[in-house]
Every structure is written in C-alpha cells, then in structure tokens.
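Since the structure comes first, as structure tokens, the remarks are kept for the end.
What you see is a predicted model; the values in this text were computed from it and never measured.
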Amino acid sequence: YRLCQAIRAILADEEPRACWSNRARERLAGLRLDYGWLSPEPGTHLVSAGSDTTWWTFAGLRANASLAPALSQATESQVAHVSFSLTFEPHVAVDRIEAAIRSLAGELHPTLLPTIDARALESLKFVECLPEDLAVGILQRRLRDELAVGWVLGEGVRAVGGHFSE
C-alpha cells in the first residue's frame with residue numbers, strides 16, 4: 001500500500017526532483033502524460049477509455065485482491081486486479097461500477113476477502129492437516145490489507161474519461 005501510494009504521489013506531482021537524472025526526468029514526464037487524469041488530491045479514479053473501465057486505487061495487490069471478488073459479484077462480471085488498479089469487463093457500465101463501489105463502502109471491511117487459488121494453498125505449511133475451508137480462511141486473512149481497503153472505500157471516486165495504459 002505505502003509503495004503504491006508513493007508511486008501515485010510521484011505520478012500526480014508535476015515537479016521533477018533535483019536528484020533525478022535526465023533519463024529519469026524524461027521517463028517520468030512520459031509516464032505523467034499517460035496518467036494525466038491523475039489528480040494530486042486524495043481519492044481514487046475510475047477511468048473510462050473506449051469500452052475499458054479501470055478503477056485506479058493505488059492501494060496495493062492485497063487490498064485490490066480483497067476488493068475484486070466483491071466487485072465481481074456486485075457487477076456480475078470478472079474483475080482483474082493488479083497493485084494499482086481493478087479492471088472491469090467492457091460490457092459493465094460505468095454507473096453500475098460506481099454503484100458497486102459505493103455499496104462496498106457501507107460494508108464491514110473485514111468481510112472483504114481475496115479469492116485464494118489452489119496453488120497458494122500449497123504454500124501453507126501443514127496444509128494437508130487442515131480442512132480446505134480452514135486453510136482457505138487462514139490464507140484469506142493473511143493476504144488481506146484491511147487498512148488499505150478502508151482507505152480506498154473511504155476516499156471516494158472520481159470518474160474521468162481519458163487515455164490510460166497498464
């Protein structure tokens with residue numbers, strides 16, 4: 001979460017740092033153009049470009065992994081997630097996504113848990129000694145980031161149109 005927020009802050013800032021090399025300044029200037037819709041004010045951004053809609057949370061992989069299953073259920077679609085964002089299927093309308101996000105803001109954050117894949121279960125020590133539902137529950141609780149989820153859902157969402165790349 002903290003690393004993603006630091007990256008967000010640098011992308012949203014317009015000033016180059018004196019310690020950066022010329023190559024770093026040029027690269028960041030290009031990235032800042034790609035993320036031109038990003039506001040320095042706190043909050044998240046729901047960006048639509050064509051049929052693609054992405055919710056840019058900059059909350060980290062654990063928080064976004066916790067939000068994705070609930071958003072998938074609320075929008076009746078697949079929601080892909082990475083450290084910076086959650087991406088919705090093209091057929092899901094922006095207003096439906098916004099409504100799903102608003103409805104999650106009223107839920108208890110501990111109930112938002114990531115989906116655990118079978119390969120992740122193999123990493124759990126003594127997994128063969130546990131019932132599968134208990135093992136899944138243990139990993140879900142280990143992998144969530146409740147504070148980041150709370151921040152994301154409490155900050156509000158700005159819907160913007162524009163170009164983005166991931």
Side-chain angles (χ1 to χ4, degrees), residues 1-16 24-120 136 139-140 143-166:
Y1 170 76
R2 289 181 11 194
L3 176 60
C4 290
Q5 287 297 297
I7 292 168
R8 180 197 185 286
I10 287 176
L11 289 172
D13 190 6
E14 294 180 10
E15 297 300 318
R25 288 173 197 246
E26 289 172 12
R27 179 70 176 124
L28 277 165
L31 286 170
R32 286 174 172 168
L33 284 175
D34 289 344
Y35 294 87
W37 45 264
L38 189 58
S39 168
E41 289 84 36
T44 62
H45 294 75
L46 189 60
V47 179
S48 294
S51 63
D52 295 324
T53 303
T54 301
W55 184 25
W56 292 89
T57 63
F58 291 91
L61 188 60
R62 290 177 177 208
N64 288 342
S66 296
L67 292 164
L71 289 169
S72 289
Q73 184 177 3
T75 60
E76 298 175 348
S77 68
Q78 292 296 315
V79 177
H81 65 278
V82 293
S83 295
F84 296 156
S85 63
L86 296 111
T87 303
F88 297 84
E89 290 181 341
H91 66 83
V92 182
V94 173
D95 58 342
R96 187 170 177 195
I97 296 168
E98 287 179 297
I101 293 168
R102 278 193 305 275
S103 74
L104 286 183
E107 289 190 22
L108 297 175
H109 304 155
T111 63
L112 301 175
L113 299 170
T115 301
I116 301 299
D117 125 337
R119 292 173 295 171
V136 168
L139 280 181
Q140 285 177 317
L143 296 177
R144 72 179 182 200
D145 187 343
E146 193 175 329
L147 292 175
V149 167
W151 174 85
V152 167
L153 294 175
E155 284 296 313
V157 180
R158 286 184 195 85
V160 294
H163 170 74
F164 61 90
S165 60
E166 191 169 7

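Between Trp56 and Tyr35, the ring-plane angle classifies as perpendicular under the 30° and 60° cut-offs.
For the atom pair CH2 (Trp151) and OG1 (Thr57), the distance works out to 7.0 Å, reported to the nearest 0.5 Å. One finds the CD1 atom of Ile10 at 10.5 Å from the CG atom of Leu31 (value rounded to the nearest 0.5 Å). Rounded to the nearest 0.5 angstrom, Leu112 CG and Glu146 CD are separated by 9.0 Å. Rounding to the nearest 0.5 Å places CZ of Phe88 at 12.0 Å from NE2 of His81. Residue Ser77 holds its OG atom at 7.0 Å from CD1 of Ile97, rounded to the nearest 0.5 Å.
For Glu14, the CD atom sits in a loose shell: 12 or fewer heavy atoms of surrounding residues, nucleotides or ligands are nearer than 6.0 Å. Counting heavy atoms of neighbouring residues, nucleotides and ligands inside a 6.0 Å radius, atom CZ of Arg27 does not exceed 12 of them.
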Full working for side chain to side chain contact (heavy atoms under 4.5 Å, CB included) between His45 and Thr54: CA-CA 8 Å; His45 294 75; Thr54 301; over 6 Å; no
Would you please test Leu67 and Val79 for side chain to side chain contact (heavy atoms under 4.5 Å, CB included) and show each step? CA-CA 9 Å; Leu67 292 164; Val79 177; over 6 Å; no
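Residues Arg8 and Ser39 share a closest heavy-atom pair of NH2-O, 3.0 Å. Residues Leu71 and Ala100 share a closest heavy-atom pair of CD2-CB, 3.9 Å.
Of the possible polar contacts, none joining the Asn64 side chain to the Leu86 backbone as a donor-acceptor pair under 3.5 Å is found.
With sequence neighbours left out, the side chain to side chain donor-acceptor pair (under 3.5 Å) criterion links Glu89 to His91.
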